[in-house]
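In what follows, a single structure is set out as structure tokens and then discussed.
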Amino acid sequence: MTEAARAALADGCAIWANPSSPHAEGRAARRALEDARASIGRSLGWRHEILFTSGASESLSIALTRSMAERRFVGAIDHDAVLRAAPDAIVMPVGPDGVLRPPDLGGPRAVVTVQWANSETGVRQPIAELAEAIHAAGHILLVDAAQMPAGADPDVIEHADLVALSAHKRGGPPGIGALLVRDLAVLAPTGGQERGYRPGTENMPGVLGYAAALAEPEPDHADLRAHLDDAIRRSGGIVVADASRRHPAIASYHMPGKPSAAQLIQFDLAQISVSAGSACASGSLKPSHVLAALGWDVEAGREVVRVSFGRATTREDVDRFIAAWRAIARGKRVEAA
């Protein structure tokens, strides 16, 4: 969390009252909540509805299960939260580059899920191009933008009908997220809070923390990622989806012959925090469904680690990772830091 997000979260706790209560304290909490909602809209460049949720997973579930559509399309590389929410969906394949290859979209109205960027490989989808085909078929475009920095892609803001977001990806508190909705008519209401589209007491302190985090500039990690990619190539590793347009702060790397589980132990000894697969699934021993969708076999997929950069990541941090990578690749034991 950013310093500003922590401070705003504490301020929200200090003035906490139920924002749905009619008394003075409740009305003050409601004002703070709505001011934060407006601030988030400005940070994102979104002038339509914003519904607060517990995170991107809930936002995706609401969008997929309550959209006014008869069918669901999801990507083969979509996050587990998408696949769980729409187990009977039509699955869209990807090529070896990680880019969606949508099938025939003809037929009854559907909600079509597209990732802004994959949480394992960082591969970004051509939102504007896909949106044109999806809307031409009369469908609803849901963008999983959990990895998207504030204001990073005007194509999402211009073309998406629904956008799922998560605060903790942007330096905000855990347990808060949002569903951006261009037109509430595409969702079935349930009653309760958030314009009647989500029951439960609003997490006003979390919303304040989210707004504060989004108001801070996001660092550009493109040069760091390029430096790391180059070092991995020169060290005998493979950059997953190397030729694709990728998120500047997310990448996956293959170290041939070295199981990712063994790599993670060595990196952890060096106090380097990386994962195998997305962070949400890295505790699992299951092969990555993302790498499988890209055509990787199970053995090679189990030799891949995922690396991401945070706000405080430096060139020195990346160089330390490179040194550890080379040591592990040569079969040397990395010393505990």
Side-chain angles (χ1 to χ4, degrees), residues 44-46 56-57 59-60 63-64 67 69 71-83 85-86 89-105 110-137 139-166 169-170 177-180 182 218 221-222 225 229 239-252 277-278 280-281 288-296 306 308:
L44 296 170
W46 186 258
S57 292
S59 296
L60 290 164
L64 284 162
S67 289
R71 299 181 298 160
R72 309 287 183 269
F73 284 85
V74 301
I77 56 169
D78 276 350
H79 193 276
D80 281 341
V82 171
L83 304 181
I90 300 165
V91 178
M92 300 180 289
V94 297
D97 56 1
V99 178
L100 282 172
R101 306 290 198 268
D104 181 2
L105 295 173
V111 56
V112 183
T113 306
V114 176
Q115 284 182 321
W116 181 78
N118 185 263
S119 58
E120 293 184 34
T121 66
V123 172
R124 288 185 49 190
Q125 300 297 327
I127 298 295
E129 176 185 330
L130 292 168
E132 183 177 3
I134 291 164
H135 288 146
H139 301 322
I140 301 165
L141 172 58
L142 164 61
V143 176
D144 174 4
Q147 306 293 340
M148 185 181 74
D153 192 348
D155 284 346
V156 173
I157 302 305
E158 181 178 351
H159 297 293
D161 301 300
L162 301 163
V163 184
L165 298 168
S166 181
K169 298 289 187 181
R170 300 275 65 83
L179 178 63
L180 309 186
R182 188 172 300 276
E218 192 78 14
H221 294 108
R225 219 280 313 286
D229 284 357
V239 181
V240 177
D242 198 356
S244 300
R245 185 174 66 142
R246 291 178 289 136
H247 191 303
I250 300 172
S252 284
S278 70
C280 302
S288 165
H289 73 280
V290 172
L291 295 177
L294 269 63
W296 286 63
R306 173 194 184 273
S308 60

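- A heavy-atom distance below 4.5 Å is not found between the side chains of P96 and W296.
- In this structure, D153 and W116 have side chains that are in contact, with non-hydrogen atoms separated by less than 4.5 Å.
- At a threshold of 4.5 Å between non-hydrogen side-chain atoms, the residues S67 and L162 count as touching.
- What you find for E120 and N118 is that their closest heavy atoms are N-OD1, 2.8 Å.
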Can you list the steps and then say if L294 with V94 is a side-chain contact (heavy atoms from CB on, under 4.5 Å)?
-> CA-CA 7 Å; L294 269 63; V94 297; 3.9 Å; yes
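- In this structure, A76 and H289 approach most closely via the heavy-atom pair O-CD2, 3.2 Å.
- Residues forming a side chain to side chain donor-acceptor pair (under 3.5 Å) with S59 (at least two apart in sequence, or on another chain): T53.
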With a 3.5 Å cut-off and sequence neighbours excluded, list the donor-acceptor pairs that the side chains of residues 126-136 form with protein atoms.
{"unit_1": "H135", "atom_1": "ND1", "unit_2": "A131", "atom_2": "O", "d": "3.4"}
{"unit_1": "H135", "atom_1": "NE2", "unit_2": "D161", "atom_2": "OD2", "d": "2.8"}

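- Here CG of L291 is found 10.5 Å from CD1 of I77. Values are rounded to the nearest 0.5 Å.
- In summary, of the residues considered (V114, V163, V156), a side-chain contact (heavy atoms from CB on, under 4.5 Å) with L141 occurs for V114 alone.
- Note: I157 CD1 to W46 CH2 = 6.0 Å, rounded to the nearest 0.5 Å.
- A distance of 6.0 Å separates OG in S119 from CZ in R306, rounded to the nearest 0.5 Å.
- L44 is listed as a side-chain neighbour of L180, based on a closest heavy-atom distance under 4.5 Å.
- Side chains of M92 and V74 form no contact here, defined as non-hydrogen atoms less than 4.5 Å apart.
- Two residues are said to be in side-chain contact when any heavy atoms from C-beta on lie closer than 4.5 Å; D144 and L60 meet this criterion.
- By the 4.5 Å heavy-atom criterion applied to side chains, V111 and H139 are not counted as neighbours.
- Sorted by first and then second residue, the pairs that involve residues 241-251 and meet side-chain hydrogen bond (donor to acceptor under 3.5 Å, both in side chains), not counting sequence neighbours, are D229-R246, R233-D242.
- Nearest approach of A85 to L64, heavy atoms of both residues: CB-CD1, 3.9 Å.
- In this structure, the ring-ring contact (aromatic ring centres under 6.0 Å, His included) partners of H221, at least two apart in sequence or on a different chain, are F309.
- For D78, there are no side chain to side chain donor-acceptor pair (under 3.5 Å) partners two or more places apart in sequence or in a different chain.
- Judged by distance alone, the side chain of Q125 and the main-chain N or O of V143 form no donor-acceptor pair under 3.5 Å.
- Atom CZ of R124 and atom CD1 of I250 lie 10.5 Å apart (nearest 0.5 Å).
- Here Q147 pairs with nothing under the side chain to side chain donor-acceptor pair (under 3.5 Å) rule; sequence neighbours left out.
- Although no hydrogens or angles enter the test, the distance criterion places a donor-acceptor pair under 3.5 Å between the side chain of R182 and the main chain of A160.
- When all heavy atoms of R72 and A86 are compared, the pair lying nearest together is CB-CB, 4.3 Å.
- The structure places OG of S166 at 12.0 Å from CE of M148, a figure rounded to the nearest 0.5 Å.
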